[in-house]
Number of protein chains: 4
Amino acid sequence: MTGTRPTRRKRANGVESRQRILDAAVQIASERGYEGTSIAAVSARCGLPASSIYWHFKDKDDLLAAVIERSFETWLAALDLPGEETGTPLQRFVAVGAAVAASLVNAPDFLRLGLMLALERRPEEPRGRAVFLQVREVARQRFIEVIETLLPGLDPADVRTVVTYALAGADGLFLQREIHGDAVDLAAMFELHARLVYEAALRMAPGASHDHAKP
Amino acid sequence: MTGTRPTRRKRANGVESRQRILDAAVQIASERGYEGTSIAAVSARCGLPASSIYWHFKDKDDLLAAVIERSFETWLAALDLPGEETGTPLQRFVAVGAAVAASLVNAPDFLRLGLMLALERRPEEPRGRAVFLQVREVARQRFIEVIETLLPGLDPADVRTVVTYALAGADGLFLQREIHGDAVDLAAMFELHARLVYEAALRMAPGASHDHAKP
Amino acid sequence: MTGTRPTRRKRANGVESRQRILDAAVQIASERGYEGTSIAAVSARCGLPASSIYWHFKDKDDLLAAVIERSFETWLAALDLPGEETGTPLQRFVAVGAAVAASLVNAPDFLRLGLMLALERRPEEPRGRAVFLQVREVARQRFIEVIETLLPGLDPADVRTVVTYALAGADGLFLQREIHGDAVDLAAMFELHARLVYEAALRMAPGASHDHAKP
Amino acid sequence: MTGTRPTRRKRANGVESRQRILDAAVQIASERGYEGTSIAAVSARCGLPASSIYWHFKDKDDLLAAVIERSFETWLAALDLPGEETGTPLQRFVAVGAAVAASLVNAPDFLRLGLMLALERRPEEPRGRAVFLQVREVARQRFIEVIETLLPGLDPADVRTVVTYALAGADGLFLQREIHGDAVDLAAMFELHARLVYEAALRMAPGASHDHAKP
DNA sequence: TATGAATGAGACTTCATTCAT
DNA sequence: AATGAATGAAGTCTCATTCAT
């Protein structure tokens with residue numbers, strides 16, 4: 001009873017433990033997928049007993065959903081979208097692509113985990129999968145709005161096509177980088193991707209001159 | 001009905017049993033991924049006891065590598081590439097895209113399983129992952145040759161860029177369809193992809209008019 | 001009967017459970033050897049589920065090493081070596097033999113298990129085997145010191161010979177009793193052994209009359 | 001139909017296969033004991049399929065009994081007992097010890113396997129254990145006769161004591177060598193053993209001068 | 001806020017053995 | 001004289017989870 005602060009030993013308890021568990025779980029889930037992530041492995045990596053994990057999370061499914069959620073927040077924080085509307089539409093398009101590319105290099109867990117979950121088709125869908133798909137759907141809607149703003153008058157079906165193609169390219173380039181590592185220059189690839197998508201959208205817009213379409 | 005006793009069960013038949021096991025394993029692995037594929041589940045689906053699976057395959061890893069191998073062969077058989085050189089280069093390019101799209105709709109197991117494995121990063125890599133990456137590398141090399149033939153004089157770095165972008169798009173579009181199902185018209189998306197890739201390659205080639213490149 | 005509820009089962013008690021497991025394992029290992037000791041059999045005999053055994057021991061090898069360790073301690077506790085230096089050297093020698101004989105009758109597990117393990121030559125040596133050999137080497141060294149004290153001036157090579165012969169006799173007599181049961185009077189045999197070893201050592205010592213050595 | 005010998009391909013069939021199986025089984029049983037000797041391991045080491053082993057042997061127990069039997073014969077063939085009665089009784093005694101020592105160095109399988117089996121106490125005794133104990137009992141009886149011939153008039157109880165001690169020493173010294181390898185000079189140890197046993201027997205005989213027995 | 005201990009279910013794999021050829 | 005294939009039982013061990021403290 002010498003100092004002023006009353007019994008505050010071991011510092012930050014609950015919150016810090018929760019973070020340690022999530023940190024461990026992200027790593028292991030990234031390595032081994034949903035089924036491959038065992039509570040015992042998470043426990044071993046974070047140093048807390050398995051029963052403590054169940055104090056913080058209802059069950060394994062809950063833990064992995066939390067992992068997805070937190071990795072989404074981390075990714076969102078890493079996503080530094082260009083602020084004001086400067087430059088030509090194409091330039092802004094390319095800048096968005098650059099921001100996404102950078103975020104995927106710096107915070108790849110969200111997409112990696114999400115795609116892993118998305119590829120599986122098990123009868124009882126993990127909650128984490130639903131979280132990923134829902135978050136992704138939000139992003140998709142927002143992107144649709146962007147395109148609609150950029151190219152008003154574009155047919156809704158064409159908007160969906162462009163957005164689907166844009167997202168597919170992003171996923172695919174990310175995969176490429178996951179597979180081949182630094183051999184893939186994600187920034188350069190995303191710039192190319194942004195240009196191609198932009199042009200494709202432009203050409204679909206009413207009044208566009210289809211000069212390249214066919215020779 | 002003298003000579004046709006209807007498939008007397010239990011009559012040892014190695015080849016057929018192996019197929020039955022692989023059939024069951026492809027289905028389950030497609031649903032649940034590598035770890036999620038339990039020998040018991042495969043045994044239940046194919047009707048052979050678990051111990052019989054070990055007569056045909058050394059262990060689970062060996063089984064799943066065989067699954068990848070066979071699903072690759074199945075996919076290759078489903079891939080009906082356009083034969084002779086008819087039409088313009090762009091038309092041929094688009095035709096290849098159409099063939100790939102169709103093969104991925106009809107025989108999606110190879111890419112689905114492969115991408116699942118490719119996304120994982122476990123310390124001791126499953127053999128199936130290595131098989132997938134190796135097969136994919138072969139395809140990549142062949143595609144590089146195609147591009148080089150089509151556009152001689154293209155800078156090697158540009159060839160790699162184009163090929164990476166082409167594969168990324170294929171993977172990404174496939175993913176999109178896996179996630180959203182029939183809402184994605186793979187044929188249409190692949191035609192768009194083929195056109196964009198072709199144009200991009202064309203524009204990189206020496207002597208092309210770089211009118212869109214930078215403002 | 002208010003304060004004595006009779007050993008409420010299921011009340012987690014690590015120490016006691018560990019003992020129960022070891023008790024069961026010693027019995028079964030004594031009957032059936034290393035490979036013959038199945039976790040299921042231990043589980044059945046101690047009443048704890050197999051998975052609980054793995055809470056207390058890393059794996060089967062770890063369990064059997066612990067069995068060896070504990071049976072050594074049990075044997076050591078049963079080994080009531082004569083305390084002070086009373087009587088002639090021969091008498092003291094014989095008294096040690098008697099103590100060892102008694103300990104082997106009362107606590108035979110250590111040597112039985114140890115010899116079982118020692119006889120095997122498997123490529124990856126069980127840890128229990130190493131524990132046995134190491135403990136035995138300590139005993140051997142201590143016995144060497146005893147001989148050196150008793151018969152100073154004895155050639156080191158002769159000391160080793162005497163000690164090897166003494167241990168061999170102990171092992172062999174124990175084996176004889178394991179095989180023929182009570183038909184072997186271990187006490188009498190160890191007395192004979194003690195006398196013979198003592199005489200042999202005496203005769204090797206410098207200054208002894210080598211009348212029998214060689215004709 | 002060109003040569004004289006009619007279809008004799010692959011040479012020596014049944015007999016040779018049986019030998020190959022036994023050769024493999026001796027090795028594996030020496031390494032891993034009774035339970036540790038799996039049919040699959042024997043099959044792998046001898047190159048014949050497991051089902052072929054069952055053509056030659058009724059079951060695993062039968063195989064291991066045959067292993068014991070054959071290793072006994074091998075040992076007996078290696079045991080080159082001194083022929084005629086030359087030299088003093090002690091010299092003959094020592095010569096027998098030397099022959100036994102040599103046989104155990106050259107053909108150790110029989111005793112190694114036998115002692116492994118003898119130490120176990122499983123409810124349903126393996127047939128190999130019975131074979132070993134029976135063969136050993138024959139040897140014991142023959143040794144009793146030798147002692148009775150050598151020292152007529154020796155009390156039957158003393159004869160049994162001497163024989164038990166002699167066998168125990170042999171077993172123990174063999175064990176020592178199994179454990180410590182070439183560090184144990186089995187020939188020298190057996191000579192010492194022979195001398196000590198001989199003297200002990202001599203001293204028990206009626207009319208002997210008990211000068212060392214008790215102080 | 002945690003955790004030591006326990007537990008049934010189920011994972012992968014090997015076992016000894018049989019059977020039809 | 002042999003063997004490819006099959007099989008139920010059993011092996012070791014891990015799983016997700018719970019519970020009393």
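Worth saying up front: this structure is predicted, and the values here are computed from it rather than measured. Chain letters run A, B, ... following the sequence lines, proteins first, then strands; residues in each count from 1.
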_Watson-Crick and G-U pairing of DNA chain F, under 3.5 Å, as dot-bracket with | and [ ]_ = .||||||||||||||||||||
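Between C:E124 and C:R129 there is no salt bridge, since none of the side-chain N atoms of the basic residue sits less than 4.0 Å from a carboxylate O of the acidic one. Salt-bridge check for B:R70 with B:D23: passed, with a basic side-chain N closer than 4.0 Å to an acidic carboxylate O.
The nearest heavy atom of DNA chain E to D:E35 and to B:E35 marks one nucleotide each, and the one closer to the 5' end goes with B:E35. Ranked by how close their nearest DNA chain F nucleotide is to the 5' end, D:G47 and B:L48 are led by D:G47.
Separation of the C:F110 and C:F132 ring centroids falls under the 6.0 Å cut-off.
Residue C:V42 comes nearest to C:I53 through the heavy atom pair CG1-CD1, 3.8 Å, listed as atom of the first residue, atom of the second, then distance. In plain terms, the two heavy atoms of B:E125 and B:A130 that are nearest each other are OE1-CB, 3.8 Å. Taking both residues in full, the closest heavy atoms of C:A66 and C:R18 are given as CB-NH2, 4.4 Å, listed atom of the first, atom of the second, then distance.
DNA chain E is contacted by no residue of residues 19-34 of chain C, taking any non-hydrogen atom closer than 4.0 Å. For DNA chain E, the residues of residues 51-63 of chain A within the heavy-atom distance limit of 4.0 Å (strictly under) are A:S51, A:S52, A:W55, A:H56, sorted by number.
A donor-acceptor contact shorter than 3.5 Å is absent between the side chain of C:R45 and the backbone of C:A24. No donor-acceptor pair closer than 3.5 Å links the side chain of C:R127 to the backbone N or O of C:A65.
In this structure, a donor-acceptor pair under 3.5 Å is present between the side chains of A:R112 and A:S30.
At the phosphate of E:dA11, OP1 or OP2 sits under 4.0 Å from a side-chain N or O atom of B:S38. One finds no side-chain N or O of A:S17 lying less than 4.0 angstrom from the OP1 or OP2 phosphate oxygen of E:dT1.
Figure legend: cation-pi geometry between C:K60 and C:Y34, with NZ or CZ positioned under 6.0 Å from the six-membered ring centre and within 45° of its axis.
Inter-residue side-chain proximity for C:L48 and C:W55 is flagged as unmet; no heavy-atom pair is nearer than 4.5 Å.
Backbone-only contact: B:T37 has heavy atoms under 4.0 Å from sugar-phosphate atoms and none from a base.
Regarding D:I39, its CD1 atom lies at a distance of 10 Å from the P atom of E:dC15, rounded to whole Å.
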